[in-house]
Amino acid sequence: MAHLFLVKDIAFQAGLSTATVDRVLNGRPGVRQQTEMRVKAAIAELEKQQAGAVASGRMLAIDIVMETPQRFSDAVRAAFEAEMAAFLPGVFRCRFHFAEVMKPAEMVQLLDRIRLRGTDGIVLKAPDVVEVAAAVARADSIGIPVVTLVTDLPNSARVAYAGADNRAAGETAAYLIGETLASHSGKVLVTLSSGRFRGEEEREIGFRRIIRGHYPDIGITEISDGHGSDAATGTLAAAALAADPVINAVYSIGGGNRAVLAAFEAAGRQVRVFVAHDLDADNRALLAARRIGFVLHHDLRTDARSAFRAIVGRVTSPGRAVPASLSSVEIVTPYNMPAGD
């Protein structure tokens, strides 16, 4: 397997031991096909990153850890790769660790493994639970900065949060839905991927506050723990619709939007207004087809840039506080959709 990289760098990128990588590179027996594919993917990732790297400057290797649906992790990967190529004067190399569902114990095990292996920083989207906060504290205690992405861990030792103001985003969704339904009675189906994520909780809090204060005639029904997957979210949505004939609007915090729409269609029900989050591939297609009305979008490249700056700031000036940096929320319709990356 031809390559231009050190075995230890390939092993770091692939999350494997150097001995395993050496067996794969030299075609020795006893290697699973899945392991060989991981090594090939790591080499391809290194080649892509090297193509956009700058010859001078310090190379910072960071780990991006996320529990999130693949459609969102794909968008995050694209944003970090684009910003990585443009970020100067430092040069970043990113290793991505994505899973659609990850138990807290698995998340902690991964964070501890990264800490023991060594890294210049961690960018983390994780549930706000005590075990994860403790793992963040262990990383911080040995000088590894952790930046939370999209959803915060405010009671942890993270050095910065990169993302939007989630409470304001929820308030914006309430305004859009409230004004649309103002002359109609109705109820909003609010979908969360999981109640464990601080960012989703803050969106819901902001949404409920505005609905309660300004649109008291609009009801709310919540479904949760679909983890953004179409199958689980669709089942939850169908059950909610069957139980409540008044639901006629959707605020999708947690994704699975195609499945939610399919549940409405199967029930023969109309959606008067549908507000979603993030311009991933699914939401772009649904918005272009006018199957959803609004997408609350914030620029993931801005978040990536904020994360890079926070890590560089902590690496170069360990005692200096990292200032907060929130990305703005944009209301996207079929008529002002930005071009894809």
Side-chain angles (χ1 to χ4, degrees), residues 62-84 87 92 94 96-99 102 107 111 121-129 132-133 136 139-140 145-173 192-207 228 251-255 275-280 283 294-314 321-332 338 341:
I62 67 173
D63 290 80
I64 302 169
V65 180
M66 298 176 61
E67 179 188 344
T68 194
Q70 184 175 346
R71 55 181 164 268
F72 186 65
S73 64
D74 287 345
V76 169
R77 179 189 288 268
F80 271 80
E81 288 179 343
E83 198 58 33
M84 182 171 54
F87 194 88
F92 282 90
C94 298
F96 299 98
H97 312 264
F98 297 149
M102 194 182 303
M107 176 74 74
L111 291 172
I122 297 172
V123 178
L124 178 64
K125 178 184 180 294
D128 187 11
V129 296
V132 172
V136 171
D140 181 75
V146 178
V147 177
T148 51
L149 180 72
V150 180
T151 182
D152 199 9
L153 303 174
N155 299 316
S156 72
R158 59 96 169 114
V159 301
Y161 164 67
D165 182 333
N166 285 305
R167 195 162 300 202
E171 292 170 345
T172 302
L192 290 84
S193 69
S194 172
R196 299 176 300 145
F197 289 99
R198 169 79 62 155
E200 294 195 7
E201 179 186 17
E202 290 180 344
R203 290 174 182 177
E204 184 194 19
I205 289 171
F207 182 81
Y251 175 35
S252 172
I253 297 174
V275 178
H277 277 274
D278 304 314
L279 275 178
D280 54 36
N283 283 343
F294 305 97
V295 171
L296 299 179
H297 170 63
H298 70 280
D299 184 14
L300 289 170
R301 285 194 61 174
T302 298
D303 295 344
R305 194 177 313 126
S306 296
F308 287 161
R309 286 175 176 167
I311 290 171
V312 168
R314 183 49 64 95
V322 178
S325 178
L326 296 177
S327 51
S328 60
V329 175
E330 180 183 2
I331 300 171
V332 180
D341 293 329

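Taking every heavy atom of both residues into account, R196 and E67 meet most closely at NH2-OE2, 2.8 Å. When all heavy atoms of V329 and A164 are compared, the pair lying nearest together is CG2-CB, 3.7 Å. Summarising the geometry of T151 relative to R198, their closest heavy-atom pair is OG1-N, 3.2 Å, with the distance given to 0.1 Å. In plain terms, the two heavy atoms of S327 and D299 that are nearest each other are CB-O, 4.5 Å. The two residues V123 and I62 have their closest heavy-atom pair at CG2-CD1, 4.2 Å. L124 and L153 make their closest contact through CD2-CD1, 3.8 Å (heavy atoms, listed as atom of the first residue, atom of the second, distance).
Note: L326 CG to S306 OG = 8.5 Å, rounded to the nearest 0.5 Å.
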Set out, in order, the CA-CA distance, both residues' side-chain angles and the distance that settles side chain to side chain contact (heavy atoms under 4.5 Å, CB included) for L149 and D303, then state yes or no. CA-CA 7 Å; L149 180 72; D303 295 344; 3.7 Å; yes
Side chain to side chain contact (heavy atoms under 4.5 Å, CB included) assessment of L192 paired with E204: CA-CA 9 Å; L192 290 84; E204 184 194 19; 4.1 Å; yes
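Looking at E83 and R309, no side-chain N of the basic residue comes within less than 4.0 Å of a carboxylate O on the acidic one, giving no salt bridge.
Within the 4.5 Å cutoff, the side chain of D128 has no heavy atoms near those of the E201 side chain. Between C94 and M84 the shortest side-chain heavy-atom distance falls below 4.5 Å. Taking 4.5 Å as the limit, every side-chain heavy atom of I311 sits out of range of all side-chain heavy atoms of R314. P127 is listed as a side-chain neighbour of M107, based on a closest heavy-atom distance under 4.5 Å. At a threshold of 4.5 Å between non-hydrogen side-chain atoms, the residues M102 and M66 do not count as touching. A heavy-atom distance below 4.5 Å is found between the side chains of L111 and I122.
By the salt bridge (Lys or Arg N to Asp or Glu O under 4.0 Å) test, D140 is found to be paired with no residue, residues two or more places apart in sequence or in another chain being considered. With sequence neighbours excluded, the residues forming a ring-ring contact (aromatic ring centres under 6.0 Å, His included) with F98 are F96, listed by chain and number. With sequence neighbours excluded, the residues that form a side-chain hydrogen bond (donor to acceptor under 3.5 Å, both in side chains) with H97 are D63, R95. By the side-chain hydrogen bond (donor to acceptor under 3.5 Å, both in side chains) test, S328 is found to be paired with no residue, residues two or more places apart in sequence or in another chain being considered. Remark: E171 engages R209 in a salt bridge (Lys or Arg N to Asp or Glu O under 4.0 Å) (not counting sequence neighbours). For D280, there are no side-chain hydrogen bond (donor to acceptor under 3.5 Å, both in side chains) partners at least two apart in sequence or on another chain. For D74, the side-chain contact (heavy atoms from CB on, under 4.5 Å) criterion is met by Q70, not counting sequence neighbours. The side-chain contact (heavy atoms from CB on, under 4.5 Å) search around A173 returns F207, Y251, V275, L296, not counting sequence neighbours. Considering only residues two or more places apart in sequence or on other chains, F80 meets the ring-ring contact (aromatic ring centres under 6.0 Å, His included) condition with F308. Taking the side-chain hydrogen bond (donor to acceptor under 3.5 Å, both in side chains) definition, one finds that S193 meets it with E200, sequence neighbours left out.
Formation of a donor-acceptor pair under 3.5 Å by the D278 side chain with backbone atoms of L300 is not found in this model.
For residues 158-168, the set of pairs meeting the salt bridge (charged side-chain N to carboxylate O under 4.0 Å, His left out) definition, not counting sequence neighbours, comprises D152-R158.
A side-chain N or O of N166 and one of Y161 form a donor-acceptor pair less than 3.5 Å apart.
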